Amino acid sequence: MFEVISFYLFSFLTIAMFWIAVTSSQALHALSALAAGMIFISGFFFILDADFLGAIQIVVYSGAVLVLYSFGMMFFDTTRDIVEREVNTLIPSVLSVLSAVMVVLIFMAPIVGDNIISHYPVIEGAGNAQQVGMVLFTKYLIPFEVAAIMLLVAMIAGIVLAGKKMDKSLTLMRDEEIEIMHERDRKAGL
Amino acid sequence: MEITLTHYLVLSTILFSIGLVGIMRRKNLLMLFFATEILLNAVNVGLAAISHYYNDLTGQLFAFFIIAIAASEIAVGLGLLIVWYKRTGSIDLDTLTSMKG
């Protein structure tokens, strides 16, 4: 009974939050709704006995990703209302629903056939984090290392891309110097 | 009444379609990134549910890798977005149509 109530509660909350994140015209509202939705998603993982995944969801998404987004939003003009693409809203909606149904059909095909064999069954008497570790460091060791290298490359890329001209401190420069710098940038950009 | 795998898959579909709606109607690139996150999260819910109902840990491990990919995607994507904003002063999708294909 507890599972049913929590499932419907979390479903309602997640759908509502993500809908706000998608439709809100203010970037800050969208960001807050997205953060709330991510936290509620982790609730599903706890219901599904994937405790470690739930914790990672909170740490990585609600922690790192949302902080990165708020950091990015400091650069952009977020007070301005977001202008939406002016198209017929009916066509995107119909297309979305159709493609989502198609995705479900693709993923349902093996389940309907009922021929899924459990290759890595849940190990009895071990916690979820322990089980994940056992499979991750045996079968998925190489993908794990590749993911580590990928994260390292992404970190370097992020630093190189976002860190350009960070050696100049805008707070310590005089207004005229900033004006000259912007003028030079404008010429270089053209 | 019991929650079955179908419930979770339907929920995953609904979240995925919400993300698709976002991708199709947003013009601001940052908002497009939000919609991408919603798509990835929807898939993660489906993978975790299948992992639970079939007693197989592979689904959870794929969800971990998806989270890792999402994290690196945001790092690189936001870096590119900041460079683009410094160059053009706007993160609208329309300013990206410079190739006139």
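Nothing here was measured: the structure is a model prediction, and the numbers come from that model. So that the names make sense, note that chain A is the first sequence line, chain B the second, and so on, each numbered from 1.
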Quick check on Ile15(A) against chain B: is it the side chain, the backbone, both or neither that has a heavy atom closer than 4.5 Å?
both
Which atoms of Val132(A) approach chain B - backbone, side chain, both or neither, heavy atom under 4.5 Å:
both
Go through the atoms of Ala157(A) and report whether side chain, backbone, both or neither lie under 4.5 Å from a heavy atom of chain B.
side chain
Measuring heavy-atom distances to chain A, does Tyr8(B) have an atom under 4.5 Å in its side chain, in its backbone, in both, or in neither?
both
Does any backbone or side-chain atom of Phe7(A) lie under 4.5 Å from a heavy atom of chain B? Answer side chain, backbone, both or neither.
side chain
Need one label for Ala50(A): side chain, backbone, both or neither, based on atoms under 4.5 Å from any heavy atom in chain B.
both
Residue Leu31(A) versus chain B: region with a heavy atom under 4.5 Å
both
Below 4.5 Å from any heavy atom of chain A, which atoms of Ile18(B) appear? Answer side chain, backbone, both or neither.
both
Okay, Tyr8(A) and chain B: the region with an atom under 4.5 Å from a heavy atom over there is side chain
Side chain, backbone, both or neither: which part of Tyr61(A) has a heavy atom under 4.5 Å from chain B?
side chain
Toward chain A, the part of Leu80(B) with a non-hydrogen atom under 4.5 Å
both
Need one label for Phe65(B): side chain, backbone, both or neither, based on atoms under 4.5 Å from any heavy atom in chain A.
side chain
What part of Leu81(B) is in contact with chain A, defined as an atom under 4.5 angstrom from a non-hydrogen atom: side chain, backbone, both or neither?
both
Met38(A) portion near chain B, given a 4.5 angstrom heavy-atom threshold:
side chain
Toward chain B, the part of Leu34(A) with a non-hydrogen atom under 4.5 Å
side chain
